[in-house]
Amino acid sequence: MTNQKFQRGFTTAILHSDRDSPIEHGSLHKPLHLSVAYGYRDARELAAVFQGRASGYSYGRQGNPTSTALEAKVNAMEDGVGTVTFATGMAAIGAILLALLKGGDHIVASQFVFGNTASALLTLESHGHPVSFVDATDVRNVEAALTEATRIVFVETIANPRTQVADLKKIGDLCRTRGLLYIVDNTMTSPWLFRPKQVGAGLIVNALTKYIGGHGNALAGSVTDTGLFDWTTFPNIADAYKAQPPHLWGLQQLRKKGLRDWGGTLAAEQAHHIAVGAETLALRMDRLCANAQSLAEWLLDQPQVRAVHYPGLAGHPQHELAGDLFRACGGLFSFELRDGIDPFDFLNRLRVVVLSSNLGDNRTLAIPVAHTIFHEMGAARRATMGIADSLIRISVGIEDCDDLIADFRQALAVF
Ligand SMILES: *Cc1c(COP(=O)(O)O)cnc(C)c1O
């Protein structure tokens with residue numbers, strides 16, 4: 001079964017994974033299992049499930065059959081040894097940090113990480129986990145930040161909103177040499193554009209809310225263990241989770257100490273929405289990446305535009321690196337208007353593009369960054385992240401590209 005799974009193409013595997021195990025009434029989708037609790041006729045079986053000696057369900061906070069079916073799909077997409085889903089991407093990241101770190105453990109993170117991730121890391125710092133934020137586009141900055149207490153290195157693939165690309169392969173090599181847990185948040189690329197396992201990631205985070213779900217109708221997150229990290233070298237695994245083979249220790253602790261104890265559980269309805277969206281991930285990504293490339297190139301030529309930040313453009317500092325790593329450069333770019341053009345006046349003229357804070361929706365969305373999602377952090381920190389006051393972020397959707405260009409053309413025309 002396992003071999004057969006990996007021989008199937010990416011989309012075939014997602015479409016047919018629900019039927020890899022027997023499914024009620026020949027249903028083509030895994031049904032929604034809404035029960036909070038699961039009953040047993042045999043008390044010994046109940047005990048075996050509790051002790052992890054038998055597979056099964058006990059209480060819904062630890063998962064349900066519908067979320068398990070989604071875990072199998074994400075796991076196949078990322079070529080992992082196991083995947084745990086959560087209610088949101090942030091719940092997944094929070095669970096990793098709370099379940100796997102002990103007081104005093106040091107974290108090295110990219111200084112360009114998602115704003116809420118940066119905020120969560122700062123909270124953790126106030127709880128006694130020192131954090132170093134570094135420019136992860138150069139592995140030397142990561143190496144210089146490592147200390148005896150460093151336990152994890154956390155990066156994203158393409159940064160939001162300035163699209164810096166982390167030095168993913170070299171950071172992976174560094175982590176392997178130093179025996180460090182390397183965590184890659186793959187949300188911006190999704191497993192269709194990039195598999196972090198290729199660069200040595202131990203754990204992969206996906207905010208399923210974004211491209212994998214794709215329709216802006218459900219929140220979810222996941223953590224996949226690639227099987228590359230040697231958990232026997234990790235000092236924080238509790239003895240209770242060492243009964244299973246070592247490659248499962250980390251995920252077992254994450255499922256218990258992370259999901260069960262903190263309760264960021266993915267509900268069956270949400271898991272179903274994400275699973276349906278995932279079926280078309282590759283098709284949607286190809287379309288929206290092509291749209292993003294065309295739109296970014298078009299904007300770059302407009303006299304009203306000062307700069308466009310997109311790894312698919314030849315002038316981007318990591319253009320070549322992105323070409324080596326990713327199938328395409330993703331659906332998100334940002335740009336700055338010429339001085340004197342008010343970004344709010346421009347945004348208010350858009351008709352097709354929606355003014356909204358999400359990304360990874362089928363619809364194209366725009367937002368003024370410094371005044372919204374990056375407002376709370378303040379001007380000084382924005383400056384270190386390269387975020388100009390006039391920066392506009394675009395999450396490109398799957399509309400007909402001509403309609404998108406026409407919308408930007410008419411919105412820019414008055415300036
Ligand atoms: C959105 C996002 C998250 C958080 O996901 P939610 O489902 O919104 O909690 C984490 N990382 C990245 C890169 C994101 O874009």
Side-chain angles (χ1 to χ4, degrees), residues 89-90 93-94 97 106-147 149-150 152-168 170-171 174-175 180 182-189 205 207 296 305-311 313 315-319 321-322 329-330 332-339 343 357 359 366-395:
M90 288 318 302
I93 292 169
L97 300 172
H106 174 238
I107 303 160
V108 177
S110 162
Q111 73 190 41
F112 308 122
V113 287
F114 180 62
N116 299 160
T117 302
S119 173
L121 287 169
L122 290 172
T123 302
L124 225 63
E125 186 159 55
S126 75
H127 290 196
H129 301 279
V131 184
S132 300
F133 289 101
V134 301
D135 178 348
T137 60
D138 187 336
V139 66
R140 287 171 298 186
N141 299 327
V142 176
E143 184 161 22
L146 299 179
T147 73
T150 308
I152 64 174
V153 173
F154 187 105
V155 302
E156 294 172 1
T157 53
I158 304 177
N160 157 19
R162 277 284 266 101
T163 71
Q164 296 95 336
V165 178
D167 203 353
L168 292 161
K170 289 190 185 148
I171 298 172
L174 174 69
C175 288
L180 293 168
Y182 182 29
I183 305 174
V184 176
D185 182 335
N186 196 27
T187 301
M188 295 293 288
T189 24
V205 173
V305 173
R306 181 168 59 200
V308 183
H309 310 290
Y310 183 62
L313 297 175
H316 188 283
Q318 291 94 37
H319 175 64
L321 178 65
C329 289
L332 185 132
F333 68 82
S334 55
F335 71 102
E336 294 158 43
L337 292 165
R338 206 168 22 75
D339 284 342
S357 64
L359 63 92
I367 191 159
V369 175
H371 313 274
T372 57
I373 47 176
F374 282 68
H375 184 67
E376 184 182 300
M377 68 178 58
R381 185 142 161 77
R382 279 200 296 277
T384 70
M385 300 179 90
I387 294 168
D389 280 350
S390 67
L391 193 74
I392 292 171
R393 186 187 77 185
I394 306 294
S395 171

Okay, side chain of [X], backbone of [Y]: is any donor-acceptor separation there less than 3.5 Å?
| X | Y | result |
| --- | --- | --- |
| Arg382 | Phe374 | yes |
| His316 | Ala322 | no |
| Asn141 | Val134 | no |
| Ser334 | Pro161 | yes |
| Arg162 | Gly386 | yes |
| Gln318 | Thr137 | no |
| Glu156 | Phe114 | yes |

Problem - Test log, rule side-chain hydrogen bond (donor to acceptor under 3.5 Å, both in side chains), inputs Asn116 and Ser119 - result: CA-CA 5 Å; Asn116 299 160; Ser119 173; 5.9 Å; no
Handout entry: Heavy-atom closest pair, residues Leu174 and Val139
Key =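 Result for this residue pair: CD2-CG2, 4.0 Å.
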Problem - Beyond-backbone contact of Asp185 with Val113, side-chain heavy atoms, under 4.5 angstrom - result: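 Heavy-atom side-chain distance check fails, nothing below 4.5 Å.
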Handout entry: Heavy-atom side-chain proximity of Leu97 to His129 below 4.5 angstrom
Key =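 Side-chain contact under 4.5 Å: no.
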Handout entry: Chi angles and distances behind the side chain to side chain contact (heavy atoms under 4.5 Å, CB included) call for Phe112, Val155
Key = CA-CA 8 Å; Phe112 308 122; Val155 302; over 6 Å; no
Handout entry: Heavy atoms from other residues, nucleotides or ligands near NE2 of His371 exceed 12 (cutoff 6.0 Å)
Key =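 Check passes, neighbour count above 12.
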Practice task
Test Glu125 against Leu121 for side chain to side chain contact (heavy atoms under 4.5 Å, CB included), laying out the working first.
Solution key: CA-CA 6 Å; Glu125 186 159 55; Leu121 287 169; over 6 Å; no
Practice task
Go through the steps to decide whether Val131 and Leu122 satisfy the test side chain to side chain contact (heavy atoms under 4.5 Å, CB included), and finish with yes or no.
Solution key: CA-CA 7 Å; Val131 184; Leu122 290 172; 5.9 Å; no
Handout entry: Verdict with reasoning, Leu168 to Tyr182, per side chain to side chain contact (heavy atoms under 4.5 Å, CB included)
Key = CA-CA 10 Å; Leu168 292 161; Tyr182 182 29; 3.6 Å; yes
Exercise for the section: Please round to the nearest 0.5 Å and tell me the distance separating atom NE2 of His309 and atom CG of Leu391. Expected result: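 The CG atom of Leu391 is 5.5 Å from NE2 of His309, to the nearest 0.5 Å.
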